[in-house]
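Input: a single structure, listed below in structure tokens.
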Number of protein chains: 2
Amino acid sequence: MNRSPVEVDNNRNNSALIVVGELKQDILNGYFQPGEKLKMARLKERYQVGVSPLREALSQLLIEQLVVVENQRGFKVHPVSREEMLDIYATRAEIEALCIGLAIEKGDDEWDAGIMAAAHKMRKFGGLVEKDPQEWERRHQAFHTSIAIGCDSPTLMQVRRSLYEKASRYRNLWLNKNMAESTVFDANQKEHESLIEALLERESINARELIREHLLSPSRALETSQGLTALDR
Amino acid sequence: MNRSPVEVDNNRNNSALIVVGELKQDILNGYFQPGEKLKMARLKERYQVGVSPLREALSQLLIEQLVVVENQRGFKVHPVSREEMLDIYATRAEIEALCIGLAIEKGDDEWDAGIMAAAHKMRKFGGLVEKDPQEWERRHQAFHTSIAIGCDSPTLMQVRRSLYEKASRYRNLWLNKNMAESTVFDANQKEHESLIEALLERESINARELIREHLLSPSRALETSQGLTALDR
DNA sequence: ATATATAAAAATGTCGACATTATTAGCTTG
DNA sequence: CAAGCTAATAATGTCGACATTTTTATATAT
């Protein structure tokens, strides 16, 4: 039997694409634990589709390294490790520094304006971090994206997005335990302001070093947190 | 009906993964033209599998941006454009420079040894480029990989591989027309020697600039070649 | 003749069914 | 009682079938 005549989604996408999004979120925010086996029966139940769209979705996440597959043994959530976490964060820091270096070379007024706008939205939400961490993370990310976008390279931005997603998986596994320590948060905010200053002044070397530090500090925090020790099992 | 009882492949992989490899090659070397519609009937015929493994394979190449999909309108080979070509090559140059910079920081004797070994295999094949361009490209790539691997970052190497594949698609579209001009080739060889020298001397800034030039020259050649003008239609 | 509407043909996306393979449970034996 | 074998149970991977949608071909009207 096919889908009901009254379609719930007006989407232009097929089921697989829809499932990709939901499944990705479920993996990133930890609904499906690292290493967990993804049984077809359960997935069918949860997303209300057959195996074909599911396998297509899983195939996509396979390339994005969020799931792994073994022949005749099905799919599993990509396992986590301290080693991989450090590698992803380190790479992410270098890529972001690269974006910023290129962006500063090409930067114009419009780029500056975009950064100021995003920074404003982020600052305005500063006090509500503990109220709605999700929304804050969105604005935080939008701020950094407004900077990186100045590199003017779709290819590089694609790489950047992929790394962000992998990293956010580790961040979420940790966030669920250690909720927003305000000391860490305040330090973060100051780093943002220094970064903006360096960008507007086109201080490339300085900005790149600032962003490296900014992106590496979470990985240092994660390394010693409860979250990751739990991941060692 | 299922596959014949006598399996042709002793592979540990499922059909989808096998098809991924073959289909990827067919796209990269231009058997399927940019923008070409990938009709299921034809793919079934060519790879001797049903639609399920095919859709899985296509879903993977979708993320790798080698194919595109439109709902109810099937899959197409990802189109090419001069713009994208330049962006991919530019990004690739930056990533390779990044790998080399990190590798020089961490480089030890083993790294040097690996480079020398790969360089030797490449030099030995120097005269046979026109005889077997495929094999030369393999050794050329192995040489560059032996350098980049020193960055010691699986994540970064993954990014690098993906970019190499996308770039090689453009290179192949061009290679089929302009076959190995020896002047270009000789210049290439000299660049390799300069690069090796800089690496062994740990001259980071110099090496990074050399690799950027080395990787950007093909894109400059492609830009004005017949190959790409044909791609503009 | 061009444009519009209609019918026919082709192609896509999804499901259920089934063969194959892995996993578990129960049983035997040293 | 542990270790190995066997039977059962469960899960995967692939195909053919079918409903839905797009594309092509044909007919009609302005």
Side-chain angles (χ1 to χ4, degrees), chain A residues 1-23 26-27 32-33 35-63 66-79, chain B residues 1-23 26-27 32-33 35-63 66-79:
Chain A
M1 196 191 316
N2 271 339
R3 309 282 301 268
S4 77
V6 179
E7 282 294 333
V8 176
D9 54 276
N10 314 341
N11 247 326
R12 227 148 157 64
N13 295 330
N14 60 8
S15 333
L17 257 329
I18 299 167
V19 172
V20 166
E22 300 180 7
L23 184 49
D26 283 340
I27 292 174
F32 290 117
Q33 290 292 309
E36 182 176 350
K37 190 159 195 314
L38 293 168
K39 292 218 193 92
M40 283 300 169
R42 176 137 181 238
L43 298 178
K44 275 173 65 173
E45 175 74 19
R46 182 165 176 82
Y47 304 112
Q48 295 293 308
V49 295
V51 298
S52 313
L54 280 173
R55 290 187 63 88
E56 286 180 35
L58 289 163
S59 295
Q60 298 187 38
L61 300 183
L62 189 63
I63 296 297
L66 293 179
V67 308
V68 294
V69 66
E70 216 173 334
N71 192 11
Q72 296 290 29
R73 235 166 287 184
F75 295 86
K76 285 190 320 186
V77 179
H78 197 291
Chain B
M1 196 191 317
N2 269 340
R3 309 283 301 269
S4 75
V6 179
E7 282 293 333
V8 176
D9 56 275
N10 316 340
N11 248 325
R12 228 149 154 64
N13 296 328
N14 60 6
S15 333
L17 282 183
I18 298 168
V19 172
V20 166
E22 300 180 8
L23 183 50
D26 283 340
I27 291 175
F32 289 117
Q33 290 293 310
E36 182 176 348
K37 190 160 196 313
L38 294 167
K39 291 216 192 94
M40 283 300 169
R42 175 138 183 239
L43 298 178
K44 275 173 67 173
E45 176 74 18
R46 182 166 175 80
Y47 305 112
Q48 294 293 311
V49 294
V51 299
S52 315
L54 279 173
R55 290 187 62 88
E56 287 179 36
L58 288 163
S59 295
Q60 298 187 37
L61 300 183
L62 190 64
I63 296 298
L66 294 179
V67 309
V68 294
V69 66
E70 217 173 334
N71 192 14
Q72 294 291 34
R73 234 165 285 184
F75 295 86
K76 285 191 321 186
V77 179
H78 197 290

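Order of the sequence lines sets the chain letters (A, B, ...), proteins ahead of strands, with each chain counted from 1.
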Do you know the tightest heavy-atom contact between [X] and [Y]?
X: A:Pro53; Y: A:Ser15; answer: CB-CB, 4.0 Å
X: A:Leu38; Y: A:Lys76; answer: CD1-C, 4.0 Å
X: A:Val51; Y: A:Lys44; answer: CG1-CD, 3.9 Å
X: A:Arg55; Y: B:Asn14; answer: NH2-ND2, 3.6 Å
X: A:Gln60; Y: B:Ser59; answer: CG-O, 3.3 Å

Atom-pair distance ([atom1] on [X]; [atom2] on [N]), nearest Å:
X: A:Leu38; N: D:dT12; atom1: CG; atom2: P; value: 9 Å
X: A:Lys76; N: D:dA11; atom1: NZ; atom2: P; value: 17 Å
X: B:Gln72; N: C:dG13; atom1: CD; atom2: P; value: 6 Å
X: A:Arg55; N: D:dC15; atom1: CZ; atom2: C1'; value: 13 Å
X: B:Asn71; N: C:dT14; atom1: CG; atom2: C1'; value: 12 Å
X: B:Asn14; N: C:dA19; atom1: CG; atom2: C1'; value: 16 Å
X: B:Leu54; N: C:dA11; atom1: CG; atom2: P; value: 15 Å

Looking at [X], I'd like to know whether one of its side-chain N or O atoms comes within less than 4.0 Å of OP1 or OP2 on [N].
X: B:Arg73; N: D:dT23; answer: yes
X: B:Lys37; N: C:dA11; answer: no
X: A:Ser15; N: C:dT14; answer: yes

- Message: Against A:Phe32, only a single residue in A:Leu43, A:Leu66, A:Val67 fulfils side chain to side chain contact (heavy atoms under 4.5 Å, CB included); can you say which?
- Response: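 Option passing the side chain to side chain contact (heavy atoms under 4.5 Å, CB included) with A:Phe32: A:Leu43.
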- Euclidean distance, B:Leu62 CG relative to B:Phe75 CZ, rounded to 0.5 Å: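 These two atoms lie 6.5 Å from each other.
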- Task: Using heavy atoms and a sub-4.0 Å distance, could you list which residues of residues 39-47 of chain A are near DNA chain D? By number, please.
- Result: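 Of all residues in residues 39-47 of chain A, the ones placing a heavy atom under 4.0 Å from DNA chain D are A:Lys39, A:Met40.
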- Item | Shortest side-chain distance from B:Ser52, nucleotide among D:dC15, D:dT12, C:dT14 |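 Between D:dC15, D:dT12, C:dT14, the one nearest the side chain of B:Ser52 would be D:dC15.
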